[in-house]
Amino acid sequence: MVKGGRIAGVGREGEIPESRRAELRIQAEGMAVIPGLIDTHVHLAQSLLRGAADDLALVDWLKKRVWPIQGSFTEEDGKLSAELSMLEMIKSGTTSFVGVDVVSRYGFDGIAKAVSEAGMRGALAKTIMDSPGYGRKGSIMPPGLVEEKVATIREAKSMIRKYNNVKGGLVRTWIAPRSLGGCSKELYEEVGELAHESRSRVTMHLAEVREDVEYAKKNFGTTPFEFIEKVGLAGTNSLFAHMVWLTDKDIGNVAKTKSNVAHCPSSNLKLASGIPRIPELIEAGANVGLGCDGAPCNNSYDMIREMKLAAVIQKGRLLDPLTMPATAVLEMATLNGARAMGTESEVGSIEVGKRADLVLIDLKKPHLTPYRDVVSNIVYSAMGSDVDSVMVDGRLLLRGGKALTLDEERIISRAQESQDELISRSRVSA
Ligand SMILES: [Zn+2]
């Protein structure tokens, strides 16, 4: 039972008093109700790159495809890509996300407007940089993506001023310093100060590939996470994506500093970055959420499929079928995600008083029948297309599989044209 955007009652038919019956009743027989899924690491600008950067190693992937195409974005592409990403997220049960990698050329105004219109709970993380590098020699970004230090900070401040906590808190702004090599040491320190002053949360890619470790060792004499601790960015308001290459000491320090982790299993496998030690991080007491990353490295924004992968890769790695059970994985995709976003008192579980971010999954499907432990069926057998309805803050965004706030037909047809135009403008050989 939902009232004023919040969960007002939880129970079976008949358990909720007649006086509190709702005006709108949703027949959900044969469906499971779960908390809205929370994607803690998603590139809104990359859904337009789907299929345009496959089967490449990370550096070639960035240099030959991802950066040149993203460096040719117009603001119209930025908004359209955000809409396409959100359409896919809503249709597969995601209600909250951390949108990383929002560079100036994608146009914040259009993206923030798209999030408001779509009705999702979205954090938009402004990319901060002062160097065109990326943790290794020769990885230089195309001019279209490079931002100067003064401009990048000024724009982050303006974005925070304009968009933090608008739409009743649905839209938030975060700060996203680029990976090691993309910012000077001083800039990371400045980001820490800005985050503190503006009470913004911080997210960044960290310890994703082995080269990140080599870069940190050579340039700072530390591990990537030790460097982050040194510049004051570790802590409860920070969310680090990937964290594949951590030492035992780093794992302890992630937990000790209460830093959050965004685990992106598809991306780590497809780009051959490695398999992060997630059960070890959880065991140490770290908070780990789940993320789909981007279309060129996943290639979908379907958190239900991501849950299955998060469970099975660790069982295979540790030769232990008991590790990462279904309930822990569903929690990773919901409540842990909310903790990583600092919204756990509002969303992430179905409890009276929390905001009504809810998802209905249709279990009347051959691949979901029969069911006994519904959580197991959702994690191991379901897929995003089994989502029937989605509600955020008490507002229906999807009903009967049909998107209510985004124009699906227009977005899909325009996305194809837009990718064709981007490929020809950026002159990549795809
Ligand atoms: Zn990423």
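Each ligand, and each atom within it, is numbered from 1 in the order the structure gives.
The Zn ion (ligand 1) has an N, O or S atom of H205 inside 2.8 Å of it. Residue contact annotation: C297 places no N/O/S atom under 2.8 Å from the Zn ion (ligand 1).
Residue-environment remark: NZ (K157) stays at or below the threshold of 12 foreign heavy atoms within 6.0 Å.
D293 has its closest N, O or S atom to the Zn ion (ligand 1) at the position named OD1. In terms of distance to the Zn ion (ligand 1), the nearest N, O or S atom of H43 is named NE2.
When only modelled atom types and interatomic distance are considered, E147 and S104 share a side-chain donor-acceptor pair under 3.5 Å. Side-chain contact annotation: T94 with D39, donor-acceptor N/O pair under 3.5 Å absent.
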Extract all donor-acceptor atom pairs below 3.5 Å that involve side chains of residues 281-296 and protein atoms in other chains or at least two apart in sequence.
residue : atom : partner : partner atom : Å
N287    : ND2  : N260    : OD1          : 2.9
N287    : ND2  : N336    : O            : 3.1
D293    : OD1  : H41     : NE2          : 3.1
D293    : OD1  : H43     : NE2          : 3.0
D293    : OD2  : H242    : NE2          : 3.4
D293    : OD2  : S267    : OG           : 2.7

